[in-house]
Protein chains: 2
Amino acid sequence: MRKTVFITGAAGFIGRHVARTLATQGWRVIGVGYGNLVTDETRTWGIEHWQSAEVTLDNLEALAVAAGEPDAVIHCAGSGLVGYSFEHPRNDFLGNVLSTLDALEFARLRAGRVRVAVPSSAAVYGAVAQYPITEDTPLSPISPYGVHKVMAEDLCRAYAAFWQVPVCIVRLFSIFGAGLRKQLLWDACHKAHARSFRFFGTGEELRDWLHVNDAAMLMSLALEHAAPDCPTVNGGSGEGMSIQDMLGRFGKIWQPNLQPDFTGETKAGDPAHYVADTSQIRAWGFTPQVSLDEGLADYIRWFRQTELLE
Amino acid sequence: MRKTVFITGAAGFIGRHVARTLATQGWRVIGVGYGNLVTDETRTWGIEHWQSAEVTLDNLEALAVAAGEPDAVIHCAGSGLVGYSFEHPRNDFLGNVLSTLDALEFARLRAGRVRVAVPSSAAVYGAVAQYPITEDTPLSPISPYGVHKVMAEDLCRAYAAFWQVPVCIVRLFSIFGAGLRKQLLWDACHKAHARSFRFFGTGEELRDWLHVNDAAMLMSLALEHAAPDCPTVNGGSGEGMSIQDMLGRFGKIWQPNLQPDFTGETKAGDPAHYVADTSQIRAWGFTPQVSLDEGLADYIRWFRQTELLE
């Protein structure tokens with residue numbers, strides 16, 4: 001019999017890709033979260049049943065009655081906006097911490113029968129002096145978003161330790177891919193289109209880019225590794241690339257001779273360098289499948305088709 | 001003009017004493033939280049206006065309209081039951097973490113004009129190898145309650161760091177006094193009355209006892225020290241006393257020759273030794289005013305009058 005997975009936030013950027021990956025692997029995928037998905041979209045993303053609802057314990061319980069008890073939960077719900085968390089910390093807390101509590105509580109009430117995988121964020125590390133960043137680096141977040149992700153992780157560890165809920169945390173680094181309507185590449189598309197290719201920062205900041213299809217595969221692996229000792233791994237490529245280099249590659253694909261320039265300023269909550277030490281996921285057998293240039297070309301193609309209607 | 005303080009959880013054990021202490025010092029005290037207080041009780045505890053309501057942002061905002069804007073908030077709301085937190089972690093989270101978020105959010109929206117004092121707990125330390133415990137000891141809670149108090153503290157530090165909310169945290173150790181209907185002394189009264197003076201544990205566990213009147217004074221001092229660097233202090237006497245010694249003193253006051261004995265077992269979430277290093281509050285000029293024997297005699301008198309109706 002097919003196993004059933006609840007994917008919270010399945011209408012979101014990462015959630016959708018996780019849904020499709022799990023469906024491809026043979027899971028029966030039930031999605032729940034904000035947003036509306038029409039039938040065509042649920043089919044595209046492999047979602048058998050979509051419930052447009054806030055991710056609360058009551059709604060998860062109702063979903064288990066309506067759609068069947070799950071074997072696993074991948075908790076992709078939550079905001080991923082650092083700037084927003086400074087303006088609306090209470091909402092960010094509710095979306096990122098309270099929803100995680102409820103996903104874990106749902107699993108606890110099923111006494112170990114439900115495995116849980118939770119995407120966290122490199123933002124839990126804050127401004128670290130050394131890179132690549134290993135998972136045992138002390139957590140020192142520098143934004144409300146980062147603080148809330150640490151709290152969500154603390155809940156995972158507590159539910160694993162006190163009630164043996166099988167959990168696994170993946171600290172995602174810079175995830176990108178078609179459908180991401182925020183952050184650097186979204187900004188880059190708009191600026192390239194407007195022929196004003198100028199960016200905040202120095203351009204020397206290092207980031208660790210991972211395509212969303214690879215991130216989705218990692219979340220699937222995380223389900224397999226979910227355990228009461230709550231393994232916590234970095235989700236990245238392990239390669240540091242400067243924003244200048246990334247935008248340089250982007251520019252070349254967009255049009256010949258498009259080169260970025262930079263304001264030189266820095267922003268609160270944005271650390272200098274984020275590069276993952278990926279020993280742990282490599283020990284799981286994980287290797288990224290989508291190259292950076294493929295991923296960038298795919299992103300630009302998507303943007304032109306959906307946003308510029310070319 | 002008199003300054004106004006909101007005391008959340010003002011119908012609770014610590015909240016009531018904090019209310020009376022602040023009223024005595026000349027504050028206009030507005031109480032909010034669970035429970036009903038009749039007029040006689042609000043007069044006894046120095047509470048000018050009592051609002052029976054859950055501690056949420058909306059209810060605090062409504063209270064500010066109804067009772068006037070406060071200069072300070074002392075956030076005494078929340079559960080203090082370790083055992084309960086294992087059985088009902090979600091409720092414990094909502095009571096201890098979400099309510100703290102809302103108290104802090106209320107202050108943030110007033111841009112530094114509202115000072116906040118938050119009682120935390122020695123439970124944030126978990127099982128520590130050394131005592132007395134200093135405030136810079138790594139936090140390693142061993143109960144859901146302890147995890148939630150760490151999260152409440154993390155929110156205090158975040159609101160102080162990101163929005164300069166003036167906050168102060170006091171990690172209370174073993175607080176006792178008339179009106180406390182749980183924990184060791186409550187248990188001791190019932191067992192002494194039933195002439196079965198036998199206790200869980202070995203009796204050798206060290207605790208740091210502080211009378212609730214002294215704890216209330218500390219919360220008042222904490223308001224004075226509230227600042228955007230979020231000072232965090234231990235609230236205890238600085239004296240370690242074994243549970244055997246404490247119950248021995250108790251027994252002597254209850255009736256001649258009443259001596260405790262012990263099962264020898266230990267309980268999840270109960271660490272061996274909890275003794276505060278109190279250098280920081282001594283530097284504030286704080287010295288406990290109520291001696292242990294006075295406090296015990298007062299507690300026994302209260303129990304006999306209210307529970308045994310002598």
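Since we're looking at a predicted model, the values are computed, not measured. Lettering follows sequence order; numbering is per chain, from 1.
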Beyond-backbone contact of Phe262(B) with Ile243(B), side-chain heavy atoms, under 4.5 angstrom: yes
Flag for Glu105(B)-Tyr159(B): side-chain donor and acceptor within less than 3.5 Å: yes
Winner by heavy-atom pair count (cut-off under 4.5 Å) against chain A, out of Gly146(B), Pro144(B), Pro141(B): Pro144(B)
Closest-packed option against chain A by number of heavy-atom pairs under 4.5 Å, given Pro89(B), Ala161(B), Ala158(B): Pro89(B)
Neighbour count above 12 (heavy atom, 6.0 Å) for Lys3(B) NZ: no
Check against side-chain hydrogen bond (donor to acceptor under 3.5 Å, both in side chains), Asp58(A) and Thr56(A): CA-CA 5 Å; Asp58(A) 284 350; Thr56(A) 65; 5.5 Å; no
Side chain, backbone, both or neither of Arg157(A) within contact of chain B (heavy atoms, under 4.5 Å): neither
Residue, of Asp102(A), Val147(A), Leu94(A), Leu104(A), that accumulates the most heavy atom pairs under 4.5 Å with chain B: Asp102(A)
